[in-house]
Amino acid sequence: ILIFFSVNLIKAEPIIIGLGSCLDQDYPQPIWNSIENENLGYFIFLGDNVYGDMPNGSLKKMQFAYEKQASILPDFLNKINIFSIWDDHDYGINDGGKEYKHKRESEKMFLDFWKIPKDDIRRNREGVYFSEDMIFFEKKFKFIFLDTRYFRSNLQSKWGKYIRNESIDSTILGDDQWSWFENELKKESDFLIIFSSIQIIPEDHIYEKWANFPLERDRIFNILEKNKSKTLLVSGDRHRGGLYRKNDIFEITASSLNKPGSFSFESDRYLIGETYPQENYGILEIHKDTINVKIKDISGKTLNSVSLKY
């Protein structure tokens, strides 16, 4: 009995990572109550972390949005590790890409808001992409945070719907970021977690997604082929949560923290179960040999989950 008790005393606690996107500073944010109860070590903001964009691209509203958000974010976030990427509403213009004329100023505002150090590489290059290496349970986890805005080619649309841009010159990440990304993947790791503001796996809806640039989507899956059984994709943007699987790669979409999406039906050939348009957040629960991937609602109830071996 004493031996059994001692083993349980030293059993390692899981690493808990929270995920969320689409957080409007002008809407109530009660979901933080449930997120605080998760005993997080990390929280990842997946984009649209404020709504500061204007139709003319002006950044006048962005500064006010950041100031207001700073005053209402919960205090517990100051006690854990925070990482962030952006999407269109904190980039500066709805569905914007490389054509956005104020992107340099917007990037500085983003980096200042998230208190990114002056010597961080993001301060000295274009785009907010970066990576972090973590050691959990004596395994090396590589977190790769992509910028799907700064370099992205123009979207193509027809009858109000986004369609495939199949130009060989079209891009999401741009040449420099692609080169950096491929070099990161050459470095040794036991598990990859790739964070993209827009969805990578889904194909069937009419909104923003990697599938709007099919050559780029093919490229990312091709370079992930050798890592496919040890890769998790994470996205936001959609105002509906979901779990997806393409071959051996899973994706969790965690969206929205406080702006519910349309309750109209949506499915996808890669969808596991259903999508969740109500307020939601994501949880990655990393144990010694497994990662539990969960979508939870505003009360902390699990809506859907998968467990991955690594």
Side-chain angles (χ1 to χ4, degrees), residues 17-27 29 31 35 42-54 59 61-62 65-66 69-70 73 77 82-98 100 102-103 106-114 116 122 126-132 143-152 155 162 172-174 177 181 193-202 205 207-210 212-213 216 220 232-242 244 251-261 277 279-282 284 295:
I17 301 172
L19 310 167
S21 67
C22 306
L23 184 68
D24 195 318
Q25 70 282 348
D26 293 327
Y27 284 53
Q29 302 181 13
I31 201 167
I35 295 174
Y42 302 82
F43 192 86
I44 315 297
F45 286 87
L46 297 167
D48 295 341
N49 309 308
V50 298
Y51 280 69
D53 59 304
M54 298 178 67
L59 287 171
K61 181 183 176 184
M62 190 72 74
Y66 277 133
Q69 197 73 288
L73 285 176
L77 291 174
I82 300 294
F83 298 118
S84 59
I85 53 176
W86 62 10
D87 201 36
D88 51 342
H89 297 294
D90 46 351
Y91 178 58
I93 193 163
N94 185 49
D95 293 354
K98 68 179 182 181
Y100 180 47
H102 299 306
K103 60 185 181 181
S106 177
E107 180 177 12
K108 183 179 185 304
M109 294 171 72
F110 176 90
L111 297 175
D112 288 347
F113 176 77
W114 294 109
I116 305 304
R122 284 167 285 177
E126 295 183 280
V128 300
Y129 59 95
F130 68 107
S131 69
E132 295 284 346
F143 290 6
I144 297 180
F145 300 88
L146 299 177
D147 185 334
T148 65
R149 292 291 160 190
Y150 201 98
F151 309 98
R152 198 213 67 209
L155 294 162
Y162 290 129
I172 292 177
L173 300 185
Q177 187 176 186
F181 183 33
I193 304 181
I194 298 173
F195 302 88
S196 165
S197 65
I198 60 173
Q199 291 179 310
I200 300 177
I201 290 180
H205 63 74
Y207 307 103
E208 284 201 271
K209 56 189 180 296
W210 275 70
N212 292 336
F213 296 87
E216 292 284 271
I220 196 170
L232 174 66
L233 308 177
V234 180
S235 57
D237 176 57
R238 287 298 326 289
H239 299 267
R240 57 176 67 231
Y244 304 82
E251 179 172 346
I252 176 174
T253 298
S255 175
S256 161
L257 289 167
N258 73 338
K259 293 190 76 167
E279 296 101 319
N280 66 80
Y281 61 97
L284 305 182
I295 299 173

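None of these values were measured; they are calculated from a predicted model.
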J.: Looking at residues at least two apart in the chain, or sitting in another chain, which of them share a salt bridge (Lys or Arg N to Asp or Glu O under 4.0 Å) with Asp87?
T.: Arg149
J.: Quick one: side chain to side chain donor-acceptor pair (under 3.5 Å) partners of Tyr51, sequence neighbours excluded?
T.: His239
J.: Are more than 12 heavy atoms from other residues, nucleotides or ligands located less than 6.0 Å from atom CZ of Phe181?
T.: yes
J.: Search all heavy atoms of Ser255 against all heavy atoms of Gly236 and return the closest pair with its distance.
T.: CB-C, 3.9 Å
J.: So, do Ser106 and Leu59 sit near enough that their side-chain heavy atoms are less than 4.5 Å apart?
T.: yes
J.: Who passes side chain to side chain donor-acceptor pair (under 3.5 Å) against Lys61, sequence neighbours left out?
T.: none
J.: Please give me the minimum heavy-atom distance between Arg240 and Pro277, naming the atom from each residue.
T.: CB-CA, 3.8 Å
J.: Applying side chain to side chain donor-acceptor pair (under 3.5 Å), can you list everything that pairs with Asp90, at least two apart in sequence or on another chain?
T.: Asn49
J.: Just one of Asp48, Thr148, Asp147 clears the side-chain hydrogen bond (donor to acceptor under 3.5 Å, both in side chains) bar with Ser197, so which one?
T.: Thr148
J.: Examine distances only and state if a side-chain atom of Glu216 and a backbone atom of Ile172 form a donor-acceptor pair shorter than 3.5 Å.
T.: yes
J.: State, with a plain yes or no, whether a side-chain heavy atom of Leu232 is found less than 4.5 Å away from one of Leu284.
T.: yes
J.: Among all residues two or more places apart in sequence or in another chain, which pass the side chain to side chain contact (heavy atoms under 4.5 Å, CB included) test with Glu251?
T.: Gln199, Ile200, Ile201, Pro202, Leu233, Ser235, Tyr244, Thr253
J.: Indicate the atoms forming the closest heavy-atom contact of Arg122 with Glu107, along with that distance.
T.: O-OE2, 3.5 Å
J.: Rounded to the nearest 0.5 Å, how far apart are OG of Ser131 and CD1 of Ile194?
T.: 11.0 Å
J.: For the ring pair (Phe, Tyr, Trp, His ring centres under 6.0 Å) test, which of Trp114, Phe113, Trp86 pairs with Tyr66?
T.: Phe113
J.: What pairs with Asp24 under salt bridge (Lys or Arg N to Asp or Glu O under 4.0 Å), at least two apart in sequence or on another chain?
T.: Lys259
J.: Kindly write out the residues that satisfy ring pair (Phe, Tyr, Trp, His ring centres under 6.0 Å) with Phe195, not counting sequence neighbours, or none if the list is empty.
T.: Phe143, Phe145
J.: Out of curiosity, Ile44 CD1 to Ile17 CD1, how far, rounded to the nearest 0.5 Å?
T.: 6.0 Å
J.: Using only atom types and a distance under 3.5 Å, with no angle test, would you say the side chain of Ser256 pairs donor to acceptor with the backbone of Cys22?
T.: yes
J.: For Lys103, give me all partners under side chain to side chain contact (heavy atoms under 4.5 Å, CB included), at least two apart in sequence or on another chain.
T.: Tyr91, Lys98, Tyr100, Tyr150
J.: Taking side chain as C-beta onward, heavy atoms only, is Val234 less than 4.5 Å from Leu19?
T.: yes
J.: Quick one: does Asp88's side chain get under 4.5 Å of Asp53's, heavy atoms only?
T.: no
J.: Just so I know, are the side chains of Ile35 and Leu257 near enough to count as touching, which here means a heavy-atom distance under 4.5 Å?
T.: yes
J.: Please walk me through it: do His102 and Met62 pass side-chain contact (heavy atoms from CB on, under 4.5 Å)?
T.: CA-CA 12 Å; His102 299 306; Met62 190 72 74; over 6 Å; no
J.: Could you check Lys209 against Asp237 for side-chain contact (heavy atoms from CB on, under 4.5 Å), going step by step and ending with a plain yes or no?
T.: CA-CA 9 Å; Lys209 56 189 180 296; Asp237 176 57; over 6 Å; no
J.: Any side-chain heavy atom of Phe151 sitting closer than 4.5 Å to one from Leu173?
T.: no
J.: Quick check for you: to the nearest 0.5 Å, what is the distance between Glu279 atom CD and Leu23 atom CG?
T.: 11.0 Å
J.: Would you say the side-chain atoms of Tyr162 and Asp95 include a donor-acceptor pair closer than 3.5 Å?
T.: yes
J.: Can you list everything that forms a side chain to side chain donor-acceptor pair (under 3.5 Å) with Asp26? Sequence neighbours excluded, please.
T.: Lys68
J.: Are Ile198 and Asn212 close enough, and set up right, to give a side-chain contact (heavy atoms from CB on, under 4.5 Å), and what steps lead you there?
T.: CA-CA 11 Å; Ile198 60 173; Asn212 292 336; over 6 Å; no
J.: Go through Asn258 and Ile31 one step at a time and tell me if the side-chain contact (heavy atoms from CB on, under 4.5 Å) criterion holds.
T.: CA-CA 7 Å; Asn258 73 338; Ile31 201 167; 5.5 Å; no
J.: Mind checking what makes salt bridge (Lys or Arg N to Asp or Glu O under 4.0 Å) contact with Glu132, not counting sequence neighbours?
T.: none
